[in-house]
Asks: 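Would you mind keeping the following structure in view while I ask a few things?
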Amino acid sequence: MSSHVTHQSTERAGKRSVSLAQSLIKEVEERTGKNGFSSVVAEALEEWLAAQKLREVVAADRKAFGPVSAEALRQAEQEW
């Protein structure tokens, strides 16, 4: 949540109405209280957005250069 706290303090918050399963709402509120719910949602959305952006970069790379070769994968695994 630390990245969210910094982001939220520098940008005005907006409101959206979302529909969520009651069980999900209950479980999150049991862990955060009602005041922490928005922070959890914001953090989850930031993580989702980062993953989406990474998928876009990978897709563009594959389009430009083709799939990673078996040899390059082996080399990367050895170095890892």
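If you read the sequence from its start, that first residue is 1, and numbering goes on from there.
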Asks: Would you check if V58 and R62 make a side-chain contact, meaning some heavy-atom pair closer than 4.5 Å?
Replies: yes

Asks: What is the minimum heavy-atom distance between V68 and L73, and which atoms define it?
Replies: CG1-CG, 3.7 Å

Asks: With a 6.0 Å cut-off (strictly less than), is the heavy-atom count around CD of Q52, excluding the residue itself, greater than 12?
Replies: yes

Asks: If you take all heavy atoms of A72 and S69, which pair is closest and at what distance?
Replies: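 It is N-OG, 3.0 Å.
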
Asks: Applying salt bridge (charged side-chain N to carboxylate O under 4.0 Å, His left out) as the test, list every pair that has at least one member in residues 17-28; sequence neighbours left out.
Replies: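 Salt bridge (charged side-chain N to carboxylate O under 4.0 Å, His left out) check on residues 17-28 returns K26-E30, E27-R31.
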
Asks: Calculate, to the nearest 0.5 Å, the distance between atoms OG and CG belonging to S38 and L45 respectively.
Replies: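 CG of L45 is found 10.5 Å from OG of S38.
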
Asks: Determine whether the side chains of Q75 and E71 contain a donor N or O and an acceptor N or O closer than 3.5 Å.
Replies: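 Short answer, no.
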
Asks: Are E77 and R74 ion-paired here, with the side-chain N under 4.0 Å from a carboxylate O?
Replies: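 No, E77 and R74 are not salt-bridged.
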
Asks: May I ask whether V18 and V28 are part of the same hydrophobic cluster, defined by side-chain heavy atoms of I, L, V, M, F, W, Y residues being less than 4.5 angstrom apart, directly or through others?
Replies: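 Same cluster: V18 reaches V28 through Ile, Leu, Val, Met, Phe, Trp or Tyr contacts under 4.5 Å.
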
Asks: Which heavy atom of F37 sits nearest to which heavy atom of T32, and what is that distance?
Replies: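 Between these two residues, the closest heavy atoms are N-OG1, 3.7 Å.
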
